[in-house]
Amino acid sequence: MELRPLVHVGDMAASLAFYEKLGAEIVHGGRDSDWVLIQLGTVQIGLLARAPDPTRGETPVELHFGASVPLEQWEQRLHRAGVPVDEVAADQDLGEQLCVRTPDGTLIKISQREP
């Protein structure tokens, strides 16, 4: 799996300008997009132009993993390991996701990574 932090931002253009000053390059999307993927060094960071939804346990910064295997396999693996899946959700920008929580309650989202 590959970790991609997801940051909810209030102003996409200002956020992109900030990250570009740190050396980031846009991989997907643009200043007018609701969702942008940037590359900063060896890390890809997703920027999402909407406030986090606390009713879904979202926070300003989320841990999002892209899986190279089908989500059904991950769901079975988690079930066998005794890790409950909070929900299987469809996100408009990121597609289908498995949502699980750490023992501390931190929300982790796993989605299918594009080949």
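Numbers for residues simply follow the sequence, beginning at 1.
By the criterion of side-chain heavy atoms lying less than 4.5 angstrom apart, applied directly or through intervening Ile, Leu, Val, Met, Phe, Trp or Tyr residues, Val69 is grouped together with Met1 in one hydrophobic cluster. Under a hydrophobic-cluster definition in which Ile, Leu, Val, Met, Phe, Trp and Tyr are linked whenever side-chain heavy atoms come within less than 4.5 Å, directly or via other members, Leu63 and Val43 are assigned to different clusters. Under the 4.5 Å side-chain heavy-atom criterion for Ile, Leu, Val, Met, Phe, Trp and Tyr, Leu22 and Val9 are members of the same hydrophobic cluster.
Annotation for Leu40 and Gly23: closest pair CD1-C, 3.8 Å, computed over non-hydrogen atoms. Shortest non-hydrogen contact noted between Pro54 and Pro52 is CD-O, 3.1 Å. For Val100 against Pro84, the heavy-atom pair with the smallest separation is CG1-O, 3.7 Å. Contact record, Ile38 with Ala24: CD1-CB, 4.0 Å, taken as the closest heavy-atom pair. Residue Ile110 comes nearest to Ala67 through the heavy atom pair CG2-CB, 3.9 Å, listed as atom of the first residue, atom of the second, then distance.
Glu58 places a side-chain N or O within 3.5 Å of a backbone atom of Asp53 that can act as its donor or acceptor partner. Side chain of Gln73 to main chain of Glu75: no donor-acceptor pair is present (N/O by atom type, distance under 3.5 Å, no hydrogens or angles). Counting only distance, with no hydrogens or angles, the side chain of His8 and the backbone of Pro60 share no donor-acceptor pair below 3.5 Å.
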Query raised in the report: Going through the checks in order, is the side chain to side chain contact (heavy atoms under 4.5 Å, CB included) test met by Leu107 and Thr59?
Result: CA-CA 8 Å; Leu107 180 65; Thr59 58; over 6 Å; no

**Report entry** side chain to side chain contact (heavy atoms under 4.5 Å, CB included) between His79 and Val85, worked out
**Finding:** CA-CA 8 Å; His79 179 70; Val85 174; over 6 Å; no

Query - Met12/Arg31 under side chain to side chain contact (heavy atoms under 4.5 Å, CB included): CA gap, chis, key distance, verdict - result: CA-CA 6 Å; Met12 184 63 76; Arg31 284 173 169 55; 5.6 Å; no

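Within a 6.0 Å sphere centred on CG of Asp32, heavy atoms belonging to other residues, nucleotides or ligands number 12 at most. Counting non-hydrogen atoms of neighbouring residues, nucleotides and ligands closer than 6.0 angstrom, the CZ atom of Arg77 reaches no more than 12 such neighbours.
Atom-to-atom distance recorded for Leu3:CG and Gln44:CD is 10.5 Å, nearest 0.5 angstrom. The line from OG of Ser111 to CG of Leu6 is 9.5 Å long, rounded to the nearest 0.5 Å. For the atom pair CG (Leu98) and CG (Leu71), the distance works out to 4.5 Å, reported to the nearest 0.5 Å. To the nearest 0.5 Å, atom CG of residue Leu37 and atom CD1 of residue Ile45 are 9.0 Å apart. For the atom pair CG (Leu47) and CG (Leu16), the distance works out to 5.5 Å, reported to the nearest 0.5 Å. Put simply, CD on Glu25 and CD on Glu20 are 9.0 Å apart, with the number rounded to the nearest 0.5 Å.
Ionic pairing of Arg101 and Asp86 is present here: one or more N-O contacts between side-chain nitrogen and carboxylate oxygen are shorter than 4.0 angstrom.
Pairs of residues two or more places apart, or lying in two chains, that qualify as ring pair (Phe, Tyr, Trp, His ring centres under 6.0 Å) and include a residue from residues 11-34 are His28-Trp35.
For the salt bridge (charged side-chain N to carboxylate O under 4.0 Å, His left out) with Glu62, the lone residue among Arg4, Lys109, Arg56 that qualifies is Lys109.
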